[in-house]
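The structure presented is a predicted model; accordingly, all values stated were derived computationally and were not measured.
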Amino acid sequence: MEDNFNIPFEKLAQECNIINPQNTKEAIDKIIALSADYPSEYLVLIYNYFFEKSNSYEILMFLLHKIDKFKDKSSRPLLIDSLIMKGKLAERISDIDCITRIRVNITKALANTKDSQAVYPLLYCLNSKDENYKVKLSCAEALGKIGDRYAVLPLMNILEDESESSVYVKESAVSALGMIGDEKAVDSLVSILESKKGFLDKFTFLKERALEALNKINFKGDKVFNALVKSLRDESPQVRINAIEVLMNSEDERAVDLIKNMLSDQNREVVQNAVIALYNILGDDILYQIINDENSPADARAEAIKLRDDLSEEEEETNE
């Protein structure tokens, strides 16, 4: 792009009034109008320049939305600098909450680029002890979306770091590990399921996320299987439901008997998920077995009848 230095950046910034605009909507309309005069490869450079200069939260968010759509590599240094050096934003934006929202959206834009060079700065913010927790959450999610395996060990360290007090950050790290899908994370995820002490007893959704992550990883071995068996006895119905789903997808021959045992669970939703899981593994025959077995728990029989009827209704609609 040999002509890019001929773009009158400063003049355009003045004409669009991006600095201290008295009317934000009018300034944004002028920025939008630039698309009639400049092709996309120039527009992204203009948006980058404006983003560095504007001190309007509304304009910065608008520009960030446009930059995100382009996913151009020229924007990466700008986004990374604005994420890491929040002091630069503070020089232009006084509201801390606004700065946080901008930086959260920067992490989303970086995630959408799928650029592995964004991994290190995202990890830098994630591991910073004085970082805003909302930014940390979005950094973990971004790392999961990018999917670079370089992030696996640092994310595992987040789970094992006792000084990390935010269970929500740990939850985001777990979800990111599931998105990346690296088997190295299995032991850390199993450790969450096996934990008996501390905050894990109070925040069972961390176990739920660990099970969801295991469901995305091609795991094998008795250690994971035993952790799933334990999860089937967890006090949280949702943990039990998630464990059923993981077993359903595990292709382990022992899974069917374990799931059958859950037909006697005291929670109706757990029973429903057990019936569905057995149907997904074994097909129609298991529904009729549950319905016709007089020893079947009442809830299990009712759920099997409902599923059978729903399937019959769908088949009739398909044949019409």
Side-chain angles (χ1 to χ4, degrees), residues 144 171 174-175 177-195 204-320:
E171 179 193 10
V174 168
S175 296
L177 288 169
M179 294 168 73
I180 296 172
D182 194 300
E183 291 186 29
K184 291 198 293 288
V186 167
D187 284 347
S188 293
L189 297 172
V190 168
S191 295
I192 291 173
L193 299 179
E194 294 179 338
S195 180
T204 58
F205 56 78
L206 185 55
K207 292 183 180 180
E208 295 170 19
R209 298 293 89 76
L211 286 163
E212 290 172 1
L214 283 171
N215 203 28
K216 297 175 182 177
I217 298 175
N218 184 25
F219 66 86
K220 297 183 185 297
D222 287 340
K223 186 173 183 180
V224 178
F225 187 83
N226 292 335
L228 293 174
V229 173
K230 183 176 181 180
S231 297
L232 292 174
R233 300 192 296 268
D234 196 273
E235 291 181 1
S236 166
Q238 190 59 52
V239 169
R240 301 200 295 276
I241 288 171
N242 286 12
I244 289 171
E245 184 177 359
V246 179
L247 284 166
M248 178 185 73
N249 295 323
S250 68
E251 299 183 356
D252 192 302
E253 61 184 13
R254 297 168 290 181
V256 169
D257 288 337
L258 284 173
I259 297 173
K260 282 182 176 179
N261 290 337
M262 302 308 292
L263 296 175
S264 301
D265 197 275
Q266 297 303 304
N267 183 280
R268 182 70 177 259
E269 192 175 355
V270 173
V271 175
Q272 179 187 42
N273 279 269
V275 171
I276 293 172
L278 290 170
Y279 165 74
N280 287 333
I281 297 172
L282 302 172
D284 292 343
D285 289 347
I286 190 62
L287 298 181
Y288 292 100
Q289 287 179 30
I290 295 171
I291 294 168
N292 296 325
D293 186 349
E294 59 185 27
N295 294 318
S296 293
D299 284 349
R301 185 181 291 109
E303 291 297 339
I305 291 172
K306 181 178 183 301
L307 180 56
R308 180 202 62 187
D309 292 345
D310 288 346
L311 291 169
S312 297
E313 187 176 325
E314 287 179 10
E315 186 176 351
E316 289 176 5
E317 291 177 354
T318 302
N319 293 332
E320 288 179 356

Can you name the salt bridge (Lys or Arg N to Asp or Glu O under 4.0 Å) partners of [X], sequence neighbours left out?
{"X": "Asp252", "answer": "Arg254"}
{"X": "Glu245", "answer": "none"}
{"X": "Asp310", "answer": "Lys306"}
{"X": "Glu208", "answer": "none"}

To the nearest 0.5 Å, atom CZ of Arg268 lies from atom CG of Asp299 at 4.5 Å
Throw together a table of side-chain donor-acceptor distances under 3.5 angstrom for residues 272-279, partners on residues two or more places apart or in other chains.
from: Asn273; atom 1: ND2; to: Glu269; atom 2: O; distance (Å): 2.8

Applying side-chain contact (heavy atoms from CB on, under 4.5 Å) to Ile305 and not counting sequence neighbours gives Ile291, Arg301, Arg308, Asp309
Sorted by chain and residue number, the side-chain contact (heavy atoms from CB on, under 4.5 Å) partners of Ala210 (sequence neighbours excluded) come out as Val174, Leu189, Ile192, Leu193
Residue pairs meeting side-chain hydrogen bond (donor to acceptor under 3.5 Å, both in side chains), one or both in residues 281-297, sequence neighbours left out, come to none
By side chain to side chain donor-acceptor pair (under 3.5 Å), Ser250 pairs with (sequence neighbours left out) none
Asn249 meets the side chain to side chain donor-acceptor pair (under 3.5 Å) criterion, sequence neighbours left out, with Asn215
**Prompt:** So, does Asp222 use its side chain to make a donor-acceptor pair with the main chain of Phe225 at under 3.5 Å?
**Reply:** no
In short, salt bridge (Lys or Arg N to Asp or Glu O under 4.0 Å) pairs touching residues 235-244 with sequence neighbours left out are Arg240-Asp265
